[in-house]
Amino acid sequence: MAKMAASVVAESGEDVFRKMFKFYKRREPPPDLKEVTDFSSGAASGGKIVPLKLDPAAVSDEDAARVGLHPVRDWRAFGLQGYPGFIFISNPFLRGSQAFWVRQCLKTYPQKPNVCNLDMHMSPCDTQDIWARSAQALRSPPSEKRQPKTLLERLRWVTLGYHYNWDTKTYSANSYTPFPPDLHMLSSRITAACGFPGFRSEAAILNYYRSDSSLGIHVDESELDHSRPLLSLSFGQSAIFLLGGSQRQDPPTAMFMHSGDVMLMSGPSRLLYHAVPRILPPPRQHAAFLDELSCSCALPTANVLEPVSQEDWDVCSRESSLSPLNGRPKLRLLI
């Protein structure tokens with residue numbers, strides 16, 4: 001990765017992060033992905049991957065299962081040399097549980113009083129029930145005639161809890177709605193295992209990435225308390241995530257994010273530049289997410305997860321029209 005970064009930055013005075021971003025974003029010719037770190041296999045790590053031991057006593061097996069997670073002792077967690085405070089957990093979710101969280105992201109979290117991108121140019125009454133206004137069209141067989149996009153297909157982001165102001169890039173106490181209890185329970189279990197007991201979810205941004213989407217280079221610094229970690233959960237399509245340094249001239253590390261993967265950024269890694277230049281179809285070994293509905297009935301009882309009906313899953317599956325190879329849109333929750 002450092003060799004690639006050195007070669008691209010030498011071509012011009014443009015900062016190395018932007019050059020790397022453009023390299024992975026380009027369509028023709030497609031980029032060579034052999035230097036992208038894959039935590040699920042250890043590929044292209046260049047020895048930078050450091051296995052981590054989380055605290056299995058921080059979360060009981062029962063509490064983990066209630067939100068669809070494996071016992072903490074079975075999680076595959078890693079750090080990266082040169083990035084203290086960065087933790088990557090390779091899909092800690094029980095088979096069958098991702099379907100529930102995907103449905104929550106598409107059906108429940110976009111509902112009012114939460115805020116979404118459609119509110120910027122539509123009246124609240126028109127965005128009152130995005131799922132209900134879209135479901136019938138998405139359940140219908142695909143038509144050869146070009147159809148207008150449904151509201152669900154036009155979703156780009158949803159904010160929860162304290163709502164982010166995209167114009168001022170700030171949070172305000174005057175713009176708040178209750179944070180989803182189920183999502184708070186999930187995030188508190190993960191952060192506790194990573195050494196942050198008592199973590200309280202107060203705000204989240206849910207991004208919907210299509211096959212041609214990207215997330216620009218930025219630092220998450222709008223939060224008032226930078227001592228608390230950032231938690232990122234990913235569902236659906238795979239993506240390339242770039243994690244840089246505190247300066248744009250620092251060469252970033254490219255890594256794959258697959259469905260179910262979790263990242264936590266704290267301490268020195270909390271205010272690093274990062275970006276998502278490319279969305280990718282999931283590799284075959286990670287495509288179990290696409291077939292998990294049949295497993296949801298086997299989830300533990302007495303948990304916050306509910307079985308996803310075939311009717312609801314049909315709508316989630318029709319979102320495949322927005323992504324290649326019958327995938328789903330990329331869903332990324334930043335908490």
Where does the angle between the aromatic ring planes of Phe88 and Phe86 fall among parallel (under 30°), tilted (30 to 60°) and perpendicular (over 60°)? tilted
Indicate yes or no: at least one non-hydrogen side-chain atom of Lys48 is less than 4.5 angstrom from one of Thr253. yes
Under 4.0 Å between a side-chain nitrogen and a carboxylate oxygen: does that hold for Glu153 and Arg210? no
Presence of salt bridge, Glu28 and Arg26, under 4.0 angstrom: no
When you check the gap from the basic side-chain N to the acidic O, do Asp212 and Arg27 get nearer than 4.0 Å? no
Which residues pass the side-chain contact (heavy atoms from CB on, under 4.5 Å) test with Lys112, not counting sequence neighbours? Cys116, Asp119, Thr127, Gln128
Whether Ser266 side chain and Pro229 backbone form a donor-acceptor pair below 3.5 Å: no
Set of residues satisfying side-chain contact (heavy atoms from CB on, under 4.5 Å) with respect to Asp63, sequence neighbours excluded: Val59, Ser60, Arg66, Arg189
Is the backbone N or O of Ser309 less than 3.5 Å from a side-chain atom of Asp312, with the two atoms forming a donor-acceptor pair by type? no
Check for a donor-acceptor pair, side chain of Asn117 on one end and backbone N or O of Trp157 on the other, with a separation under 3.5 Å. yes
For the side chain to side chain contact (heavy atoms under 4.5 Å, CB included) test, which of Leu106, Val158, Leu155 pairs with Leu206? Val158
Please identify each residue that fulfils side-chain contact (heavy atoms from CB on, under 4.5 Å) with Ser188, with sequence neighbours left out. His184
Could you please spell out the steps behind the side-chain hydrogen bond (donor to acceptor under 3.5 Å, both in side chains) verdict for Ser187 and Ser201? CA-CA 7 Å; Ser187 60; Ser201 307; 2.4 Å; yes
Would you say Leu280 and Ile240 make side-chain contact, with heavy atoms under 4.5 Å? yes
